[in-house]
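Right, one structure below, let's go through it.
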Amino acid sequence: MNESVLVFTLITVIGVVSIFPLTGLTGLFSFGQAAYMAVGAYIAGILAVYFKMPLIVCMISGVVGCGLLSVIVGYPTLKLRRDFFALMSLFLGEAIRAVLNASGDITGGAQGLSSIPKWIGLPGVFLGTAVVIVLVAMFKYSRFGRMCLAIKTDELAAKSFGISVFATKMKVYVFTSMIAGFAGVLYAFYIQYIDPNMFGWTTSSSWVIFLFFGGTVSLTGSVLSAVLLTMLPELLRFASELRTVIYCVIIIGVLNFRPQGLLGDREITDLYHWIKDKFTRHKLPENAA
């Protein structure tokens, strides 16, 4: 398995993890998350190619740019019902692609943006993925994570307990959009070329499927499913034309017979506590004869 497959797998992990707080914890379906990946990639790439900015400036600009765009988009759309928000997120993704294709003088249009410096390698992508996973894990177990779960369960009940539903949704939306933008920055500075077709709605839909495959409330399941389902086509290469069929059957089988996903709501820490309980259960008390 070559380095590019590993890098693409890690970036997919960031993409799936980026929708975990939004969809898994808050219950908002977003089919335009890849649009923020595109925005982050293009902002960073344009600054590097045309303005010769250093890596840290390009990276911060790409991530912050996605945050600002998410505030502009989220303010009117997060007030809609969840199904309408999902539709608006889909339209956002297609609108971003249309703008990138139409702005050929800056973005390269359908031909894409090339000559991006390769400032990121496998170690950098691995480190970035680890940082994102830690941040999202901290978010899940924080006060905001519990507020998101309350909103997902019942918005009216969450309001009655003093939770500002709109403000919480906005914070989660900005947070997840910036993570997706960070994935785009890493992607651009690794492959050195980007075009609008790389960030279509199919990419966002795949991330949602990966999330449900692993378990919507399990961060460990999200990471595991992203790694497994991204590498699976390479592992099934021996099956030639049948690998796509096998791949689809595996996904449909898991989603049909285990709707809660592979891990449900379990995390890797639950395994640690289970092993610890197994070992401590058979310990004799200190005052035993």
Handout entry: Val217 and Lys152, any side-chain heavy atoms less than 4.5 Å apart
Key = yes
Exercise for the section: Answer yes when Lys169 and Glu155 have at least one side-chain N-carboxylate O distance shorter than 4.0 Å, and no when they do not. Expected result: yes
Exercise for the section: Tell me yes or no: between the side chains of Gln111 and Tyr193, is some donor less than 3.5 Å from an acceptor? Expected result: no
Problem - Aromatic contact, Phe175 with Phe139 (centres under 6.0 Å) - result: yes
Handout entry: Donor-acceptor contact present, side-chain Thr107 to main-chain Leu100, <3.5 Å
Key = yes
Practice task
Compute both the distance and the angle, then confirm whether Lys140 meets the cation-pi test with Phe20: under 6.0 Å from the six-membered ring centre, within 45 degrees of the axis.
Solution key: no
Exercise for the section: Report, as yes or no, whether the 6.0 Å neighbourhood of atom CG on Leu255 holds more than 12 heavy atoms from other residues, nucleotides or ligands. Expected result: yes
Exercise for the section: For atom CZ of Phe126, decide whether the heavy atoms of other residues, nucleotides or ligands shown that lie under 6.0 angstrom number more than 12. Expected result: no
Practice task
Look at atom CH2 of Trp119 and say whether more than 12 heavy atoms of other residues, nucleotides or ligands are closer to it than 6.0 Å.
Solution key: yes
Problem - More than 12 heavy atoms of other groups within 6.0 Å of Arg243 CZ - result: yes
Handout entry: Worked verdict on Tyr173 versus Tyr36 for ring-ring contact (aromatic ring centres under 6.0 Å, His included)
Key = CA-CA 11 Å; Tyr173 190 54; Tyr36 290 104; 5.8 Å; yes
Exercise for the section: Could you point out which residue of Trp207, Phe210, Phe29, Phe31 forms a side chain to side chain contact (heavy atoms under 4.5 Å, CB included) with Ile19? Expected result: Trp207
Exercise for the section: Please answer whether the main-chain N or O of Gly67 pairs with a side-chain N or O of Ser70 as donor and acceptor at a distance below 3.5 Å. Expected result: yes
Exercise for the section: Find out whether the Lys NZ or Arg CZ of Lys79 is both under 6.0 angstrom from the six-membered ring centre of Tyr75 and within 45° of the ring's axis. Expected result: yes
Exercise for the section: Would you kindly confirm whether Leu78 and Ile179 end up in one hydrophobic cluster when ILVMFWY residues are joined by side chain heavy atoms under 4.5 Å apart? Expected result: yes
Handout entry: Leu87 reachable from Ile96 in the ILVMFWY side-chain graph, under 4.5 Å edges
Key = no
